[in-house]
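Everything below concerns the one structure shown next.
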2 protein chains.
Amino acid sequence: MARKTKEEALATRNLLLDTAEHLFSSQGVANTSLHEIAETAGLTRGAIYWHFDNKSDLLTALWERVAASLRASFDGEDSEHGQDDPLGKVRLKASYKSRHIESSPQIRALLTILMLRCEFTKETHSAGEYFLREREHAYACVRKDLDRAIAIGQLPASVNAEQAAIGLFGLIDGLCFHWLINPSRFSITTTTLTAIDAYLAGLSQTPSVR
Amino acid sequence: MARKTKEEALATRNLLLDTAEHLFSSQGVANTSLHEIAETAGLTRGAIYWHFDNKSDLLTALWERVAASLRASFDGEDSEHGQDDPLGKVRLKASYKSRHIESSPQIRALLTILMLRCEFTKETHSAGEYFLREREHAYACVRKDLDRAIAIGQLPASVNAEQAAIGLFGLIDGLCFHWLINPSRFSITTTTLTAIDAYLAGLSQTPSVR
DNA sequence: GATGATACATACATTCTTGTATGTATGCAA
DNA sequence: TTGCATACATACAAGAATGTATGTATCATC
């Protein structure tokens, strides 16, 4: 086989991405060789090295494939219908995000890779960096919403916004982590929502000391 | 150099464990070779293969070194002073665990390895299994406490114990995860306590629908 | 329809890592 | 004090993975 048309080349590229995503998420990044990816895809390493620089670059490409979608799912509803309801906004964001993770196998696979199947070393450096940066962005959003909630009285002024944001963030992340380990155990969408509701309710009730 | 006394041999073994713990937690398990561990410890791979079967066995030994301590920190206070206060018990347990994680570099390093620096593949299989089993145990404890809390009216009967336990567990885990990524950002002990208080307060307030 | 760039496959060299086999000096027991 | 097991170090073999260099058929362009 030799040169394909542009569409065919793009198809092989996507096939490689799909194959890598599947193998990475099921066996781990370091434990998957480029040879295995190529062979599983019915190709050779030549194809991989044509489309990507190395394993790290391949992983980065996996990230870039879903990054836009992930970001959109989180702050897509940032400026909804004019109402000033930061707490509701946070709730909605978390809901959208969970639903997205639960419904998109691609996002689920990538999160599995980044949270459970890679080591954040040189090999995974750039993708890991992007992931951490995305988390920073998400945290900043949550933090801003909580600040606003305190400002307009949705939360008591005694609430420590930073502590509360870290807790909320940890809650969302922890449920995601737990769900990725054992997806059949519960629905991340509904559980995240109920848990967040409880947490926010607790925040507005107890004037969390200090 | 040749044969040492038993104490010296034990010291060597511990040196290897310490070195491996440090390298694993800072560079990742797959990214650290046995040669590097031996060299860093001022020894050779011969020493490693004398004390351990392979890398996987070494990792398992790392787990076993702190497993008892970890377990004790979690359900050590299971039967305290007779009082029937399951919610307070959960609070205390989480508090002890966080404090333990924050104060013991060894436990922190091992959790870093298991949550951030390994891939849960064959190489890390047995240690990973132990870790997951430990999590299962912790979850079961939390679940039991929440059941009891509902039974004695500390929480409204409308609370879904399983959902609530998963949420609480996710909260603890998520904060731990977040803290391991960025330990300088906050104190896991105080933040976990305030977050759990908010969550539990919310649980007892809202009769979480469905 | 000749030509160059494309989209890979193949071949090669090198490095890294593991596992094992063997060497060896010494502590300890009889 | 002899003898054996211990606690490693050293040496060796083999495979796996990577990166690169090269081959090659075909698409697109003129």
Side-chain angles (χ1 to χ4, degrees), chain A residues 1-20 23-24 26-62 113 117-119 121-127, chain B residues 1-20 23-24 26-62 113 117-119 121-127:
Chain A
M1 270 110 231
R3 173 153 191 219
K4 315 281 182 59
T5 68
K6 277 182 188 173
E7 304 103 51
E8 285 172 319
L10 195 79
T12 44
R13 188 186 135 98
N14 280 325
L15 174 62
L16 286 173
L17 286 173
D18 290 339
T19 309
L23 290 177
F24 283 167
S26 59
Q27 328 178 14
V29 175
N31 200 41
T32 303
S33 71
L34 296 183
H35 172 76
E36 191 179 1
I37 296 173
E39 196 181 26
T40 306
L43 298 165
T44 67
R45 287 191 304 126
I48 295 184
Y49 277 104
W50 173 257
H51 288 285
F52 312 97
D53 292 342
N54 45 43
K55 199 197 266 189
S56 171
D57 184 47
L58 177 53
L59 187 61
T60 305
L62 280 181
I113 294 172
R117 304 279 192 268
C118 83
E119 297 191 354
T121 158
K122 304 152 220 156
E123 220 168 48
T124 67
H125 191 50
S126 37
Chain B
M1 268 107 233
R3 173 152 191 221
K4 315 279 183 60
T5 70
K6 278 183 186 174
E7 302 103 54
E8 285 172 320
L10 196 80
T12 306
R13 188 186 136 96
N14 280 325
L15 174 63
L16 286 173
L17 286 173
D18 290 340
T19 309
L23 290 177
F24 283 168
S26 59
Q27 329 178 16
V29 175
N31 199 42
T32 302
S33 71
L34 296 182
H35 171 76
E36 192 178 0
I37 296 173
E39 196 181 25
T40 306
L43 298 165
T44 67
R45 286 190 305 126
I48 295 184
Y49 278 104
W50 173 257
H51 288 285
F52 311 97
D53 292 342
N54 45 43
K55 200 198 267 188
S56 171
D57 184 47
L58 176 54
L59 187 61
T60 306
L62 280 181
I113 294 172
R117 305 277 192 269
C118 85
E119 296 191 353
T121 158
K122 302 153 221 157
E123 220 168 51
T124 66
H125 190 50
S126 37

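Residue numbering restarts at 1 for every chain, and letters A, B, ... go by the order of the sequence lines.
Of all heavy-atom pairs spanning B/Leu43 and B/Leu16, the tightest one is CD1-CD2, 3.8 Å. Nearest heavy-atom pair across A/Thr60 and A/Ala127 is OG1-N, 3.9 Å. When all heavy atoms of B/Ala61 and B/Arg13 are compared, the closest pair comes out as CB-NH2, 4.2 Å. When all heavy atoms are compared, the tightest approach of B/Asn54 to B/Tyr49 is CA-CE2, 4.5 Å. The two residues A/Gln27 and B/Thr121 come nearest to each other via the heavy atoms O-CB, 3.7 Å.
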Tabulate atom names and distances for all N/O pairs under 3.5 angstrom spanning the protein and nucleotides 15-22 of chain D.
unit_1: D/dT18; atom_1: OP2; unit_2: A/Leu34; atom_2: N; d: 3.0
unit_1: D/dG19; atom_1: OP2; unit_2: A/Tyr49; atom_2: OH; d: 2.4
unit_1: D/dG19; atom_1: N7; unit_2: A/Arg45; atom_2: NH1; d: 2.9
unit_1: D/dG19; atom_1: O6; unit_2: A/Arg45; atom_2: NH2; d: 2.4

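Checked by atom type, the side-chain pair B/Thr19/B/Thr40 shows no donor-acceptor distance below 3.5 Å.
Between B/Lys6 atom NZ and C/dC28 atom P there is a gap of 8 Å when expressed in whole angstrom units. The distance from atom CZ of B/Phe52 to atom C1' of C/dT18 is 17 Å, rounded to the nearest whole Å. Rounded to whole Å, the distance from CD on B/Glu36 to C1' on C/dT17 is 12 Å. In this entry the distance linking CD of A/Glu39 with P of C/dT10 reads 12 Å, nearest Å. Counting to the nearest Å, the C1' atom of D/dA7 and the CD1 atom of B/Ile48 are 14 Å from each other. For the pair B/Leu43 CG and D/dC8 P, the computed distance is 7 Å after rounding to whole Å. Here the C1' atom of nucleotide D/dT6 and the CG atom of B/Leu10 are 14 Å apart, to the nearest Å. Rounded to whole Å, the distance from CH2 on B/Trp50 to C1' on D/dT10 is 16 Å.
Under 4.0 angstrom from either OP1 or OP2 of D/dC8 there lies at least one side-chain N or O belonging to B/His51. One finds no side-chain N or O of A/Thr12 lying less than 4.0 angstrom from the OP1 or OP2 phosphate oxygen of C/dA7.
If you find the closest nucleotide of DNA chain C to A/Ala47 and to B/Ala30, the one lying nearer the 5' end belongs to A/Ala47.
With a 4.5 Å cut-off on side-chain heavy atoms, B/Thr12 and B/Leu15 do not count as touching.
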